[in-house]
Participant: 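Sharing a structure below in structure tokens format, with a few things to ask.
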Amino acid sequence: MSEAMENVTVNAPAEKTGETKAEKFVRLGEYRMNKAIDAIGRIENLANRSVYDYTLEQVEAMFSVLESKVSEVKAKFTATKAKENTVFSFGNKAE
């Protein structure tokens, strides 16, 4: 399947494909994770000192941003909705 056709399939709304939300999560999750793994692999190529020159500060800056973004995305999956559990009361009953 061509990449253009694959993107059409990947981005199709769940209602139109008849898949559940869980199935859509698995399909998109696998696709996006594999793209991310490939992109990280390309970053690894930058470590080749015979082709590139870089400082420790540059490397630390790259990985600081990468780790920060991963933490930010992970937090979205583990965040709880505390506001839903909040109960309001004036403290006395209306007479």
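Numbers here simply count residues along the sequence, with the first being 1. Please read all numbers here as calculations on a predicted model, not as lab measurements.
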Participant: Would one find more than 12 heavy atoms of other residues, nucleotides or ligands at under 6.0 Å from atom CG of N45?
Facilitator: yes
Participant: Should E23 and T20 count as side-chain neighbours, where that means a heavy-atom distance under 4.5 Å?
Facilitator: yes
Participant: Any link between I37 and V26 through a network of hydrophobic side chains (Ile, Leu, Val, Met, Phe, Trp, Tyr) touching at under 4.5 Å?
Facilitator: no
Participant: Would you say I40 ends up clustered with V65 if hydrophobic residues are merged whenever their side chains have heavy atoms under 4.5 Å apart, either directly or through other cluster members?
Facilitator: no
Participant: Going from CZ on R27 to OH on Y31, what distance comes out if it is rounded to the nearest 0.5 angstrom?
Facilitator: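 Spacing of CZ (R27) from OH (Y31) equals 10.5 Å.
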Participant: For the hydrophobic clusters of this structure (ILVMFWY residues joined by side-chain heavy atoms under 4.5 Å, transitively), does one cluster hold both L46 and L66?
Facilitator: yes
Participant: Checking the side chain of S71 only, and the main-chain atoms of E67 only, is there a donor and an acceptor separated by less than 3.5 Å?
Facilitator: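 Indeed, once roles are kept as given, a pair shorter than 3.5 Å links the two residues.
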Participant: Could you work out, with salt bridge (Lys or Arg N to Asp or Glu O under 4.0 Å) as the rule, every residue matching E72, not counting sequence neighbours?
Facilitator: K69
Participant: Which residues pass the side-chain contact (heavy atoms from CB on, under 4.5 Å) test with Y54, not counting sequence neighbours?
Facilitator: A47, R49, Y52, Q58, V59
